[in-house]
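In what follows, a single structure is set out as structure tokens and then discussed.
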Amino acid sequence: MPSGSYDPDTVEPAWQDRWVDHGTYAYDAVDDPDLSFSIDTPPPTVSGDLHWGHVYGATLQDFVARFERMANGGVFFPFGYDDNGIASERLTEDELDIEHADFERHEFQRKCREVCADYEADFTEKMQSLGVSIDWGHTYQTIEPRVQRISQRSFIDLYEQGREYRRRAPTIWCPDCATAISQVETEDDERGSHFHDIAFEVVGSDESFTISTTRPELLPACVSVFVHPEDEENQHLVGESARVPLFGQEVPTIADERVDMETGSGVVMCCTFGDQTDIEWYQAHDLPLRIAIDETGTMTEQAGDYAGMPSDEAGEAIVADLDETGALLDKRAITHTVNVHERCATPVEFLVTEQWYVEILDKKEEYLQAGREMDWYPEKMFTRYRHWIEGLEWDWCISRQRSSGIPFPVWYCDDCDEPVLADKADLPVDPLSDDPPVGSCPECGHEEFTPEDDVFDTWATSSLTPLINAGWAEGKDDPASDAMARPELYPMDMRPQGHDIISFWLFHTVVKCYEHTGEPPFDSVMINGMVLDENREKMSKSKGNIVAPDSVLAEYPVDAARYWAAGSSVGDDLPYKEKGIVAGERLLQKLWNASKLVDELAPAESVPDERPDLAALDEWLLARLDEEIERAAEHLEDRAFSKYRDSLRSFFWHTFCDDYLEIAKGRIRETDDPSARYTLRTAHERFLKLFAPVLAHVTEELWHEMYADADPVGATVEAGTDDATAADGGAAGIVDSVHTTDWPEPLGLDADIAAGERALEVVGALRKYKSERDLALNAGLGRVQVYGDVADYVDDIARAMHVDELELLEEAPAVETVVTGIDLDYSVVGPEFGGDVPDIEAAIEGGEYVLEDEGDDAVLLAGEFELTAEMFDVERERRYDGEGDLLETDGAVVIVG
RNA sequence: GGGGCCGUGGUCUAGUGGUCAUGACGCUUCCCUUACAAGGAAGAGGUCGGUGGUUCAAAUCCGCCCGGCCCCA
């Protein structure tokens, strides 16, 4: 039985250990998809820190997992570590103070895995200490061989489907990371720079014009000059040729509305490539390529005298030479927006390189439709997905020039460049160390091959998590088969996702899985917001406003933090609030203390197995609880965590503890009442189950203290006995858990809810009477008369309010009632009388009305209008001249004294 | 620059057409009542960002403005 005060420091870790040790949340395979609920958890990047985003996201997922487990059955709640991307590569470099380029790929990957292994173990421990009901028997790393095989298999399948191509094309390139990156990995940043005004000659004339550029080193790459079609001043240049200073190439002048007339002279040079507009122009006007800067940031032969110089030095040299020849007209400082790599803040280059792409632009409508077929929580987040797809301009570049990652399973013929893909049976492969599957090129018969040394974009793999979880193409018998080992899991029932990465992670996952299976990978998507600081600002290192979860959880129970996390509407950002966590802690204590009282008043052996005849109030409480059970389930199904939490807390705290428990306490102590005992214990066990999804630890402990056969951990620890011995109370090592019990079914009692409410109104009126007179709540009241239908509650009311003599009046007390006004029911009156409503209101206001008959036959004549009974209520004030004080409630009249 | 979300007592928040606007925290007063004073009871506190419109009726729908945040350029 629960005793003393709740000790989460002992109880929470003990249950976390036991849940993991006994596989409480292990997924048991079932054939019927309806009996399982699968969650496709996005694997977090392995980087060491556990931040609030992890805590918040994982906790919300856990609310769903725990509820679905109770309500439906088997829940598949896996966990993954994303350790094959640039983030883990950088982590390894920083941790060991090395550069990936200094090592052979396998060597670096080995180091990478060693570093990540420590972080993963640390992360596992932290996730387990959050009490999240993950099945730790189903975890994966995105670098592990099984995942590598699936990822390479995905590449081969999409290639065979004609969804992938290799092309020499403009690519976004990070010079610092020395790799291609995708559009989504860039962001805009304001940077200081210089505008150089440079004179260009018009070929065959004496005229010249000025262009302004921040990138003089791109002059050798200049392929054309652009003028806005509405730029009258410069319109005469269109159709002419211009000569680029220093380099001498003649380039056409073309009109295009993408020119920003406000910047510089209005005439712009187009190079290979200065920015994204240059690429658009290159494509739109079929311009030639002049590649002046290579992948290492060095000037090419195209740059003539400047070849071999780093591009920034070349820029300075070119400016000096322009100045010398008189072509440099002006140089001035400006700030402008540049595209930078989000991970290292280096301005990106736009290079022409050979990369692999997944074709997506041709199927935008299908991916949009796939998104429409999923249920979005909240619905509005679908808009973000839609806008992202509608704005897509590039196919998906999946090549990365990194060491750590999953290799492309491809070799190229040295003679004809034909790609040769690995055999599906051989996966995973590394072309750098493995031989191609053929001895000679199937196209030309040549026998020498060059391995592809690029690796996949991290999203190319992390977009496969539904397939990884469902065991896609594991190919135990047939390596070419794409059958799933756990087909009942797919499509996954729910995908949780932060709203900031809908556009790439979720989108890419839909694309990949849709192409492999022909259907959307998820039935539903649950979007979570960001955790903000106490002032609703994003937590960031530079602002110094980060609150570490570790330090908070050292001070407060995990359940209290879970309570805080449940205080949000799905999709909304949630500010970190210490007060919110304190409120959770108070609820834990309230639940613990109430449980102690319930166990004292209604110990298990004192409660009848069969339901006894219930007192009216007991029946009322259980019927109200039925309503709460349904409400809680509806809210959880809608992922409306905050409503679920607040509604349940309020009903438990106020209705159960403040109202019912106080009354039942008195009744049991005075009359040894089996009805109240049964009700207390029944309701209490139900409350534990209703709270279980959010207050995972305290409900488990209490349920074991009071309802399960096995010993509770708290008692075990106090007794100093071995944990495992206590746990063996369950058969075959299986420990009962409140989390694997069924969600409570409504009892379906036929209670008069209104009568119960009326009785509590009387209690409320008497409390108020005492409070207003500064009386203690347990102060005695001599005589109270009640007029109203509360006959079944007289004893309960009298005992709770310490009334010596409570008399039920047969007739209304001698009160004089005065009509003080008319309350219109506008939902009826409005549609009926429309624009005449103000006249009716004026008539009532001015007292120009007549009230005829009573009750359902009442008629109100207001001015020239006749209103029937359902259109209004009559406001009355009672005046009581008799002995004692008159208290009024909606359904009863109470006289004290 | 384009798109989206949001603005409700001091703070946070419920509330997508029906007239005394929900709750929590904080505040005031009272009560140590044998589960809990980290508790209980009662109260004070809001022209629902501003403005114009639609409607018999607007926190709610529409326009504009102000402020904040997010995504994208």
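Here is how names work: the chains are called A, B, and so on, in the same order as the sequence lines, proteins then strands, and each is numbered from 1.
Of the candidate nucleotides B:A24, B:G39, B:G18, B:G18 has the atom lying nearest to any side-chain atom of A:Pro831. Residue A:Lys665 has its side chain nearest to B:A35 when only B:A35, B:C72, B:C70 are considered. Listed candidates were B:G3, B:C56, B:C31. Nearest to the side chain of A:Ala776 is B:C31. Of the candidates B:C36, B:G3, B:C56, the closest approach to any side-chain atom of A:Val837 belongs to B:C56. Side-chain proximity of A:His499 to the nucleotides B:A35, B:C70, B:C56 is greatest for B:C70. Nearest to the side-chain atoms of A:Gln589 among the listed nucleotides B:A38, B:C70, B:C36 stands B:A38.
Atom-to-atom, CZ of A:Phe833 to C1' of B:U55 comes out at 18 Å; the value is rounded to the nearest Å. Between the CG atom of A:Leu661 and the P atom of B:U34 there is a distance of 14 Å, rounded to whole Å. Atom pair A:Glu705:CD and B:A35:P shows a separation of 18 Å (rounding to whole Å applied). Whole-Å rounding puts the A:Leu591 CG to B:G39 P distance at 14 Å. In this structure, A:Trp653 places its CH2 atom 16 Å from P of B:A35, rounding to the nearest Å. Rounded to an integer number of Å, the gap from CG of A:Leu766 to C1' of B:A42 is 14 Å. One can place CG of A:Leu824 at 11 Å from P of B:C20, the figure rounded to the nearest angstrom. In this structure, A:His684 atom NE2 and B:A35 atom P are separated by 15 Å, rounded to whole Å.
For the pair A:Lys768 and B:G43, the criterion of a side-chain N or O lying under 4.0 Å from OP1 or OP2 is met. Listed pair A:Lys590 / B:G39 fails the phosphate criterion, with no side-chain N or O lying under 4.0 Å from OP1 or OP2. For B:C71, the OP1/OP2 oxygens have no side-chain nitrogen or oxygen of A:Arg386 closer than 4.0 Å.
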Checklist line | Contact state string [nucleotides 5-16 of chain B, B base, S sugar-phosphate only, - no protein heavy atom under 4.0 Å] | finding: S------SSSS-
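Look at the P atom in both B:U54 and B:U29: the space between them is 50 Å, to the nearest Å. Look at the C1' atom in both B:U55 and B:G17: the space between them is 9 Å, to the nearest Å. To the nearest whole angstrom, the two C1' atoms, one in B:C12 and one in B:C27, are 16 Å apart. When the C1' atom is used for both B:U19 and B:U60, the distance is 13 Å, rounded to whole Å. Spacing between B:U16 and B:C72 at atom P, rounded to whole Å, works out to 30 Å. Taking atom C1' on both nucleotides, B:C25 is separated from B:G9 by 13 Å, rounded to a whole Å. Here the separation of B:C48 from B:U8, taken at their C1' atoms, is 4 Å to the nearest Å. For the C1' atoms, the distance linking B:A57 with B:G53 amounts to 15 Å, nearest Å.
Each of A:Ala583 and A:Lys596 was assigned the nucleotide of RNA chain B with the nearest heavy atom; the assignment lying further toward the 5' end belongs to A:Ala583. Of the residues near RNA chain B, A:Leu775 and A:Asp825, the one whose nearest nucleotide (by heavy atom distance) lies more toward the 5' end is A:Asp825.
Donor-acceptor pairing under 3.5 Å is lacking for the side chains of A:His635 and A:Ser647.
In this pair, A:Phe226 and A:Trp281 present their aromatic rings parallel. The plane angle is below 30°, not in the 30 to 60° band.
Under the 6.0 Å distance and 45° angle rule, A:Arg645 counts as a cation-pi partner of A:Tyr563. Taking the ring centre of A:Trp653 as origin, the terminal cationic atom of A:Arg586 falls outside the region bounded by 6.0 Å and 45° from the ring axis.
Here the side chains of A:Phe872 and A:Val828 are not in contact, with every heavy-atom distance at 4.5 Å or above. Between A:Trp173 and A:Phe350, every side-chain heavy-atom pair lies at or beyond the 4.5 Å cut-off.
Side chain A:Glu772 to base B:A42: no donor-acceptor pair is found below 3.5 Å. At a cut-off of 3.5 angstrom, the base of B:A35 holds at least one donor-acceptor pair with the side chain of A:Glu662.
Ring centers of A:Trp52 and A:Tyr576: under 6.0 Å apart, within the cut-off. Here the two rings, on A:Tyr367 and A:Tyr385, have centers that are 6.0 Å apart or farther.
Pair check for B:G1 finds B:C72; Watson-Crick or G-U wobble, both atom distances under 3.5 Å. As the counterpart of B:G7, B:C66 is assigned, both hydrogen-bonding distances of the Watson-Crick or G-U wobble pattern falling under 3.5 Å. Taking a pair to require two hydrogen-bonding distances under 3.5 Å in either a Watson-Crick or a G-U wobble arrangement, B:A38 remains unpaired. The nucleotide B:A21 finds no pairing partner, because no Watson-Crick or G-U wobble arrangement with both distances shorter than 3.5 Å includes it.
Backbone-only contact: A:Asp658 has heavy atoms under 4.0 Å from sugar-phosphate atoms and none from a base. When heavy atoms are screened at a 4.0 angstrom cut-off, A:Arg645 is found touching no nucleic acid atom at all. Residue A:Gly835 is classed as a sugar-phosphate contact, given heavy-atom separations below 4.0 Å to backbone atoms only.
Contacts of A:Glu662 classified as side chain to side chain contact (heavy atoms under 4.5 Å, CB included), with partners at least two apart in sequence or in another chain: A:Lys665.
Salt-bridge formation is not detected for the pair A:Asp275/A:Arg215: no Lys NZ or Arg NE/NH1/NH2 atom is positioned less than 4.0 Å from an Asp or Glu carboxylate oxygen.
In this pair, A:Tyr826 lays its aromatic ring flat on the base of B:U19, centres within 5.5 Å and planes under 30 degrees apart.
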